[in-house]
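Note sheet for the following structure.
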Amino acid sequence: MKVVGRAPPYTIQFLYKNTKYERRNMRYSRMLIPTTKEVPADAEITSHRLMIRAGLIRKLASGTYTYLPLGWRSLLKIIEIVRKEMDRTGAQEILMPSVQPIELWQKTGRNVDYGETLAKFEDRHKRWNVLSPTAEEVVTNIAVNEIKSYKQLPINLYQISFKFRDEFRPRFGVIRSREFIMKDAYSFDADPAGLDKSYKAMYDAYCRIFKRCGLRYVIVEAEVGEMGGSGSHQFTVPCESGEDTIVYTEDGSYAANLERADVDPLPKDNGRRLAGTPVVPVEVPPMQEVHTPNIGSIESVCAFLKTQPKDMIKTLIFSSEGDTIAALVRGDHELNTEKLTQTIGGGHVELADETIIEKVTRAKVGFAGPMVIAQKVPKMIIDHAVAAMAVGVTGANKTDYHVKNVVPGRDFPLEGDNIIVTDIRYAQEGDTYNGKKLLFKKGIEVGQVFKLGTKYSTKLGAKFLDETGNEKPCLMGCYGIGINRIMASAIELGNDKDGIIWPISIAPFEVIVTCVNQEETNVAQTAEKIYRQLLDKGIDVLLDNRDVRAGVKFKDADLIGIPVRVTVGQKSLAEGNVEIKLRSEPKSQKVTVEKARSKIIELISSLKEQLKV
Ligand code: ATP
Ligand code: MG
């Protein structure tokens with residue numbers, strides 16, 4: 001078989017690394033490109049719908065997808081860009097097992113901390129295994145065995161492989177799927193300055209990767225979550241369909257994701273309700289119990305007591321590593337578990353079960369209040385905004401009762417060994433940070449970088465001998481990119497009513513040659529000639545040689561979104577011309593058959609130029 005063209009993008013299995021592809025694969029008539037008008041009901045967002053309609057993916061089961069030829073070609077190109085940029089930083093590619101013994105995960109406690117998202121199974125020898133959602137444990141284990149001396153540091157190991165996460169709600173097609181491809185890298189350093197350097201190298205590589213993939217992105221401060229560690233940034237593509245919320249100030253001085261975003265404490269409410277009235281702190285009468293039978297939710301209590309959520313105090317009871325923790329937030333605010341977790345110094349935090357709540361409050365769930373229980377729990381975390389309230393309503397620690405006239409500091413303590421007043425809520429409209437108004441935008445997280453520090457190396461024993469012969473734990477960083485999310489985000493950003501508009505770097509093909517009249521020998525031969533010329537130049541070209549109406553070909557070309565279309569049709573050809581059109585531009589231009597190749601090459605390089613780093 002004659003092979004032509006340049007090497008294709010690498011596959012993750014390395015099978016085709018540096019081999020050449022065959023010409024016959026690039027004829028539409030022979031390819032599996034099942035474009036369709038039908039979109040399933042669960043395809044809520046544009047990229048999901050277009051990926052199905054353009055025949056890039058097909059769903060197998062909830063959160064699992066098959067990538068058909070066009071989808072896979074795009075993924076391979078993304079992988080190639082990611083791999084090149086990772087290699088450029090000196091990181092070394094490896095491949096770790098997807099199935100990992102649970103014992104390793106037990107050592108870090110993440111068999112529990114990861115929660116139900118971690119998929120586990122028992123093998124025939126009754127051993128439990130984890131389906132890797134990420135690989136800190138395994139890579140640290142490599143370091144435990146292979147890194148002995150500071151001379152081997154720094155080192156950065158990365159892989160591009162399948163990850164499995166049993167997401168609670170897989171959705172948005174490949175954006176939140178259960179099985180997906182991630183590039184995950186792990187750096188090991190001898191000291192904090194080294195870690196800073198490794199982190200910066202990854203941060204910069206991510207900027208280059210996303211630029212080369214044609215994405216517009218923002219970088220925000222992020223919460224470390226169950227990953228642990230001291231700092232993190234998230235790379236997010238702003239778009240309406242994103243599940244993440246970016247919080248930022250207009251002047252760009254602050255940008256964080258919603259989990260991380262700090263808020264200024266609210267000013268102390270001294271009870272003056274009307275602006276301009278004299279400063280007279282309101283004397284609040286003593287607390288008063290009110291019967292609120294079967295009324296538990298904030299809304300129903302407010303309706304019943306004719307008050308507002310902002311005047312309510314929510315008392316939430318959590319369990320963390322065997323301790324019971326009370327957390328207070330205002331009724332109109334939402335508690336941020338990430339902030340709560342950070343406040344209590346990490347570990348796994350979850351809402352306490354009914355038995356614990358009933359034991360602490362001596363009431364049914366829904367009637368907890370901070371009075372009395374402040375003395376009972378080892379920790380009570382109070383949000384700034386609650387401490388700033390003049391007076392509020394809360395649960396009475398008595399089934400079917402609430403209390404009015406609750407004054408923070410008078411009726412429950414704002415100080416004490418077990419009391420912390422801090423920021424534990426999500427930012428919301430109207431909040432400020434550093435005195436500046438916070439703004440909110442939706443986005444898709446495509447990548448995240450973390451400074452892990454010694455969390456994993458200490459727990460698993462990844463130590464090295466420093467220059468003076470002292471044993472020290474390695475300082476680690478970890479860095480993830482969602483390959484599939486890059487593809488979906490690019491489609492979210494690049495589309496119109498007719499279909500996808502790919503950035504050329506990750507398009508399944510760079511050029512499509514549309515042969516309008518396949519039955520006309522002259523037309524078919526010219527299309528074939530241009531197609532071969534482009535192939536020989538190493539261009540990724542698809543020849544639409546199908547026996548279908550021209551209208552169908554144009555529609556499909558627009559739908560699958562190949563950046564450059566060359567139309568070879570009888571009419572233009574009679575004048576010696578073909579038509580060249582960019583998918584992103586409305587107008588086409590006529591070029592003589594002889595000049596077609598050089599014109600196409602020129603267009604491709606100008607499209608590529610825009611994505612250069
Ligand atoms: P999310 O907050 O969206 O659940 P995450 O922060 O848990 O993601 P990381 O552990 O940071 O994800 O994983 C690294 C990258 O892997 C993410 O930035 C994202 O691009 C990708 N990713 C994570 N979960 C999924 C998923 N369920 N489907 C597809 N890609 C994912
Ligand atoms: Mg993340």
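Each ligand, and each atom within it, is numbered from 1 in the order the structure gives. We're numbering straight along the sequence, starting at 1. What you see is a predicted model; the values in this text were computed from it and never measured.
- Aromatic ring centres of Phe235 and Tyr203 lie closer together than 6.0 Å.
- Residue Arg176 holds the heavy atom nearest to atom 4 (O) of ligand 1 of all those in Arg171, Arg176, Met182, Glu167.
- The pair Arg178-Glu167 fails the salt-bridge criterion, with no side-chain N (NZ, NE, NH1 or NH2) lying under 4.0 Å from an Asp/Glu carboxylate O.
- For the Mg ion (ligand 2), protein N, O or S atoms closer than 2.8 Å were enumerated as Glu445 OE2, Gln448 OE1, with waters left out.
- For the residue pair Asp244 / Gln234, a side-chain donor-acceptor distance below 3.5 Å is found, with atom types taken as modelled.
- Listed by atom number, the atoms of ligand 1 under 4.0 Å from Val446 heavy atoms are 18 (O), 20 (O).
- A heavy-atom separation below 4.0 Å is found between Ile175 and ligand 1.
- The shortest N/O to N/O separation between Gly482 and ligand 1 falls below 3.5 Å.
- Proximity to Gly447 (heavy-atom distance under 4.0 Å) selects the following atoms of ligand 1: 18 (O).
- Comparing Arg485, Lys163, Glu223, Arg165 against atom 9 (P) of ligand 1, the shortest heavy-atom distance belongs to Arg165.
- In this comparison of Gln234, Glu243, Gln448, Glu445, the heavy atom closest to atom 17 (C) of ligand 1 sits on Glu445.
- Interatomic distance, Tyr248 OH to Asn257 CG, rounded to the nearest 0.5 Å: 14.5 Å.
- Judged by the shortest distance from any of its heavy atoms, Val174 lies inside the 4.0 Å radius around the atoms of ligand 1.
- Within 6.0 Å of CD on Glu250 lie no more than 12 heavy atoms contributed by other residues, nucleotides or ligands.
- Considering backbone and side-chain atoms together, Ser177 places an N or O closer than 3.5 Å to an N or O of ligand 1.
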